[in-house]
Protein chains: 2
Amino acid sequence: MKLYVIKIGGNVIDNSARLHQFLKDFAELEGLKILVHGGGKVATQISSSLGIEAKLVDGRRITDIETLRVVTMVYAGLINKNMVAQLQRYGNNAIGLTGADGNFIRAKKRPVKTIDYGFVGDLDENSIQAESIGKLLDASFTPVFCALTHDGDGQLLNTNADTIASALAVALAEIYETTLIYCFEKKGVLQDIDDEGSLIREIGPQRYETLKLEKIVSEGMLPKLDNAFAAIKSGVKEVIIGQADELHYLNTNATFGTMLRS
Amino acid sequence: MKLYVIKIGGNVIDNSARLHQFLKDFAELEGLKILVHGGGKVATQISSSLGIEAKLVDGRRITDIETLRVVTMVYAGLINKNMVAQLQRYGNNAIGLTGADGNFIRAKKRPVKTIDYGFVGDLDENSIQAESIGKLLDASFTPVFCALTHDGDGQLLNTNADTIASALAVALAEIYETTLIYCFEKKGVLQDIDDEGSLIREIGPQRYETLKLEKIVSEGMLPKLDNAFAAIKSGVKEVIIGQADELHYLNTNATFGTMLRS
């Protein structure tokens, strides 16, 4: 059976009209699906209203205990539950989750080397309880994950949403024919980053190597593509990198964005 | 099959040691179970830190849009997900929910008569999707509900946790042999409110009428007991009103608190 694992980032969440349209399109998407969402500006706004300053060490964001509290409130509460209520409005039987719920995603607190990242969780190949998530899918629920996991010892952990999405896609590929979709603000991988018309429709591993050698892929896109090809190597059928506004094309069997295949 | 629907209030949530012990006892409780929790002081603290004043009309608390946002963050995020993480630590496969998740509890926004209560939801006999909740129980998940529901049209609604617990117990009584348990700070219904030794072990409908006539039941306890007997009339097998600290007695087949039966 086919399964979509779809990730949306902060720029979709921050734009109320865009988010609304995306959720409508997501609800209408046929078949099994999982949504993974990141944070957005509201967490920063709430932190600032509460007088909590962003902690940065060497330019890296640190999740101290105060930040974790805000992130838990905003990601798992405000953003996640309002998304679920909207999806229900559009007839999608969504159920909002962290990795602690159902023990679905168990992470390890990032070890302190040169930087102590605080309450940040890293995933490994045993993190995802795929069969347990499958029970929800089988019961016709649509899991909506925010970017929080737990360590199994009572501690919630802030975890990168891109990583959660690819780990879910890989683990569930053992049960379903899985497509991983990263939705962001651009049309996909662009030949020229300033020209939305220069979309590259499809990239295989060989083309990817060429693109890297020719330095056509932007530095921000590199880790996304590396993750994507790693996911494909680990059993994910295909990865799409595209624009949230174009998700609806999937229902017409049209493609959108950049398709990555083995 | 037996099912416990257990509600804890703010005074348990506000006391970290007591909450911790309660969650451990709850996790160890054998059989199917559902937890329903209220808010606690942290919502008021966060509201105040964010500069949101409590809105009261004629002494009644109003849920305006700002308050709803805080309640969504605190109930569904901070409190609910930390409880779930603790329950998972103790081996209970908890899954944290609002009524929007899975469309499990659909409410109607309270109509404006003399007071506009704001985003407050009222339940009716069709509010609970018992079969759908049964799917989670059948899959060995333990639902943990916070005091939020939705209207099915995208709007989250603040809803009394006592009411949610009794509505769940009544609706699920069609599938399970249901016991409803209200955990609060006292040992149960007391003959003398200042004497914890004066616990009334059991109350039937007739005794209840006598207690009301003799004005032995305190005014604060009256709505709880009215709700309890209404739940029993609607198919709930028994209702226990007791102290959170004594929940563990259930595992030894001992009783605790005040048992209400038809």
Side-chain angles (χ1 to χ4, degrees), chain A residues 20 23 42 45-46 49-52 68-104 106 129 132 134-136 138-144 146 148-157, chain B residues 20 23 42 45-46 49-52 68-104 106 129 132 134-136 138-144 146 148-157:
Chain A
H20 204 82
L23 292 173
V42 64
Q45 285 160 0
I46 300 268
S49 300
L50 290 171
I52 301 165
L68 181 70
R69 278 169 63 93
V70 171
V71 159
T72 304
M73 292 197 291
V74 173
Y75 294 2
L78 195 61
I79 296 176
N80 187 275
K81 296 312 179 184
N82 276 297
M83 273 191 195
V84 166
Q86 290 303 326
L87 289 170
Q88 288 289 345
R89 171 187 185 180
Y90 293 124
N92 177 248
N93 202 4
I95 188 161
L97 303 164
T98 67
D101 298 290
N103 192 28
F104 292 132
R106 194 186 278 226
Q129 302 296 316
S132 203
K135 285 184 193 172
L136 289 189
D138 292 347
S140 301
F141 295 113
T142 295
V144 177
C146 69
L148 284 166
T149 60
H150 76 142
D151 69 353
D153 205 29
Q155 183 62 58
L156 294 168
L157 295 167
Chain B
H20 205 82
L23 293 173
V42 64
Q45 287 160 0
I46 300 267
S49 301
L50 289 171
I52 301 165
L68 181 70
R69 278 169 61 93
V70 172
V71 159
T72 304
M73 293 197 290
V74 174
Y75 294 2
L78 195 60
I79 296 177
N80 189 274
K81 296 311 179 185
N82 275 297
M83 273 191 196
V84 166
Q86 290 302 327
L87 288 171
Q88 289 289 346
R89 170 188 187 179
Y90 293 123
N92 177 249
N93 202 3
I95 188 162
L97 303 165
T98 67
D101 298 289
N103 191 30
F104 293 132
R106 194 186 277 225
Q129 302 296 316
S132 203
K135 285 185 193 171
L136 288 189
D138 292 348
S140 301
F141 296 114
T142 295
V144 177
C146 68
L148 284 165
T149 61
H150 76 143
D151 70 354
D153 205 29
Q155 183 63 58
L156 295 167
L157 295 167

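Bear in mind that the values here come from a model prediction, so they are computed numbers and not experimental data. Naming: A, B, ... by sequence-line order, numbering from 1 per chain.
Every pair passing salt bridge (charged side-chain N to carboxylate O under 4.0 Å, His left out) that includes a residue from residues 87-101 of chain B is listed here, sequence neighbours excluded: A/K81-B/D101, A/D153-B/R89.
Once rounded to the nearest 0.5 Å, the distance linking CD1 of B/I52 with CD1 of B/I46 reads 10.0 Å. Taken to the nearest 0.5 Å, the CG atom of A/L157 stands 11.5 Å off from the CZ atom of A/R106.
When heavy atoms are compared at a cutoff of 4.5 Å, B/L23 does not approach chain A at all. Neither the backbone nor the side chain of B/Y75 comes within less than 4.5 Å of any heavy atom in chain A. If you measure heavy-atom distances from A/F104 to chain B, the contacts under 4.5 Å come from the side chain alone. Heavy atoms of B/A94 lying under 4.5 Å from chain A belong exclusively to its backbone.
Ranked by heavy-atom pairs shorter than 4.5 Å toward chain A, the options B/T98, B/V71, B/T142, B/T72 are led by B/T72. Counting heavy-atom pairs closer than 4.5 Å to chain A, the top-ranked of the candidates B/G77, B/C146, B/G91, B/A76 is B/G77. With chain A as partner, the option from B/D138, B/V74, B/N80, B/L78 having the largest number of non-hydrogen pairs under 4.5 angstrom is B/L78. Considering only heavy-atom pairs separated by less than 4.5 Å from chain B, the leading option among A/G99, A/S132, A/A85, A/S140 is A/A85. Between chain A and the residues B/H150, B/Q155, B/R69, the largest count of heavy-atom pairs under 4.5 Å involves B/R69.
Evaluation of the side-chain hydrogen bond (donor to acceptor under 3.5 Å, both in side chains) rule for A/N82 yields no partner, not counting sequence neighbours.
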